[in-house]
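Down below is the structure, laid out as structure tokens.
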2 protein chains.
Amino acid sequence: MSKIKMGPQQLLNPRPAILVGTHVDGKPNFLTISWAGITSADPPTMSIAVRNIRYSLRGIQENRQFSVNVPSVNMVKETDYCGVVSGSKSDKVRECGFKVFYGELDKAPLIEQCPINIECEVLQIVPLGDHSLVIGKIVESYITDQCFTGGIPDIRKIHPLCFCTLTMKSMGYYAIGDFIARTNAMDNPSVGLSSVSTK
Amino acid sequence: MSKIKMGPQQLLNPRPAILVGTHVDGKPNFLTISWAGITSADPPTMSIAVRNIRYSLRGIQENRQFSVNVPSVNMVKETDYCGVVSGSKSDKVRECGFKVFYGELDKAPLIEQCPINIECEVLQIVPLGDHSLVIGKIVESYITDQCFTGGIPDIRKIHPLCFCTLTMKSMGYYAIGDFIARTNAMDNPSVGLSSVSTK
């Protein structure tokens, strides 16, 4: 086996494709990003990396609130569109037919059609070159009622998008595929290598 | 459609399952996490959230270096194991049979069997409650030569793991599934909603 040097590239894969909701110029706007992560358990926080030139960043800076909406596979066109077009030039809510609702925060619009919605209050904005890393405290989260099976949220019904990028020539959206294994991380921290349950 | 309130939960899905490489107490160690994200393009940076009690964090603090290794589906047992067991009590490299190599950095061990490897120098560590958000500058990255098709890295050959967690009762590893669509984000920023190419 040998390794090909790729240069200092962001080869982290797969990543979630999410719609970040903000209020800018008094109206709701959504920006697609895949540069997002969970950052702590207590308090529950997560981060999104937003390019400094983005229209949405102004709304985040002004209101100190944002939302994260996880779209399903059937929303791939709207998802890609919201990453390509600027809210300064178009009304993405109208064009995409998003039904917007609000939870605990008044400047963090949520998309009803997205099976997962998360509301965040900004804790900190870390400047990192061409992007700003926005760290938010999670205030509330929601799952669409139809995405439960036997009272438990069902990833098959949520059917989220994986965004994979390796080079400029190999980028795209994928579905979640085969179930590979449960994790022992939460329920049995003393177990050994052979105990992971594979299908 | 109605929404079920889940409380302030980290419902970001799917997430990458990665093996973070460090040197602690003079030897290479690997910790599995899924709380990772890309944080900027120029400079190329990424973040990992590491629980403060983790053995690996000490190595990151001391050496200001770490690696990110993306395992394939066939490494799911080793991947889960490295998230469950502490390097303070076991030699995960030996137990998992990892072949370790080094690139530009001398304290960021890389796993040969993982199809993607990334080397990072620590830029900043942001304390966030029970976790530390480690932001690293990407110094170099590698892809295994057998994971290319026609000169382009092939996500099917890399075959990474998606880690999905909705509740404590629904957590697990999945493969990448069906290809859904290309993105227009990079090559055609002026296009409209109808132009996303679906299969």
Side-chain angles (χ1 to χ4, degrees), chain A residues 2-4 6 8-14 16 35-45 49 73 76-77 80-81 83-84 116 128-131 133 138 141-143 145 152-153 155 160 162 164 166 168-185 189 193 196, chain B residues 2-4 6 8-14 16 35-45 49 73 76-77 80-81 83-84 116 128-131 133 138 141-143 145 152-153 155 160 162 164 166 169-186 189 193 196:
Chain A
S2 82
K3 294 282 180 179
I4 309 294
M6 303 297 290
Q9 297 226 35
Q10 298 100 330
L11 296 178
L12 184 70
N13 279 284
W35 293 8
I38 300 172
T39 48
S40 64
D42 184 14
T45 64
V73 159
V76 68
K77 288 192 180 187
D80 200 62
Y81 183 72
V84 170
I116 293 176
L128 286 170
D130 58 359
H131 280 66
L133 186 67
I138 299 172
S141 65
Y142 307 83
I143 297 180
D145 59 350
I152 297 171
I155 197 76
C162 301
C164 295
L166 293 165
M168 297 290 268
K169 289 184 180 173
S170 55
M171 302 175 73
Y173 299 93
Y174 293 79
I176 298 284
D178 290 341
F179 173 71
I180 303 298
R182 285 189 65 243
T183 175
N184 288 307
L193 181 57
V196 177
Chain B
S2 83
K3 294 281 181 178
I4 309 294
M6 302 296 290
Q9 296 227 38
Q10 299 100 331
L11 296 178
L12 184 70
N13 278 283
W35 292 8
I38 300 172
T39 48
S40 64
D42 183 16
T45 65
V73 159
V76 68
K77 287 192 180 187
D80 200 62
Y81 182 72
V84 169
I116 293 176
L128 285 171
D130 58 0
H131 280 67
L133 185 68
I138 300 172
S141 65
Y142 307 83
I143 297 179
D145 59 350
I152 296 171
I155 197 75
C162 300
C164 295
L166 293 165
K169 289 183 180 173
S170 55
M171 301 176 73
Y173 299 93
Y174 293 79
I176 297 283
D178 290 340
F179 174 70
I180 303 298
R182 286 190 64 242
T183 176
N184 288 306
M186 287 302 167
L193 181 57
V196 177

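Computed over heavy atoms, backbone and side chain alike; hydrogens, waters and symmetry mates excluded. Bear in mind the structure is a predicted one, so any value in this text is a computation, not a measurement.
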With chain B as the partner, which of [options] has the greatest number of non-hydrogen pairs under 4.5 Å?
options                              : answer
A/Pro43, A/Ala36, A/Pro14, A/Gly83   : A/Pro14
A/Gly129, A/Gly37, A/Ala49, A/Ser141 : A/Ser141
A/Pro160, A/Pro44, A/Ala41           : A/Ala41

About how many Å separate [atom2] of [Y] and [atom1] of [X], when rounded to the nearest 0.5 Å?
X        : Y        : atom1 : atom2 : result
B/Leu128 : A/Thr39  : CG    : OG1   : 5.0 Å
B/Asn184 : A/Met171 : CG    : CE    : 10.5 Å
B/Asp178 : A/Tyr174 : CG    : OH    : 10.5 Å

Report the C-alpha distance between B/Ile116 and A/Leu166 in whole Å, list the side-chain angles of each, state the deciding distance to 0.1 Å, and finish with yes or no for side chain to side chain contact (heavy atoms under 4.5 Å, CB included). CA-CA 10 Å; B/Ile116 293 176; A/Leu166 293 165; 3.9 Å; yes
Which region of B/Leu12, side chain (C-beta onward) or backbone (N, CA, C, O), has a non-hydrogen atom less than 4.5 Å from a non-hydrogen atom of chain A, or is it both or neither?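 The answer is both parts of B/Leu12.
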Show your reasoning for whether side chain to side chain contact (heavy atoms under 4.5 Å, CB included) applies to B/Leu133 and A/Leu133. CA-CA 11 Å; B/Leu133 185 68; A/Leu133 186 67; 3.8 Å; yes
Go through B/Thr45, B/Ile138, B/Asp130, B/Asn13 and name the one with the most non-hydrogen pairs under 4.5 angstrom from chain A.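 Result: the option with the highest number of such pairs is B/Asp130.
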Using non-hydrogen atoms only, which part of A/Ile155 is less than 4.5 Å away from chain B: side chain, backbone, both, or neither?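 Backbone plus side chain of A/Ile155, per the 4.5 Å heavy-atom cut-off to chain B.
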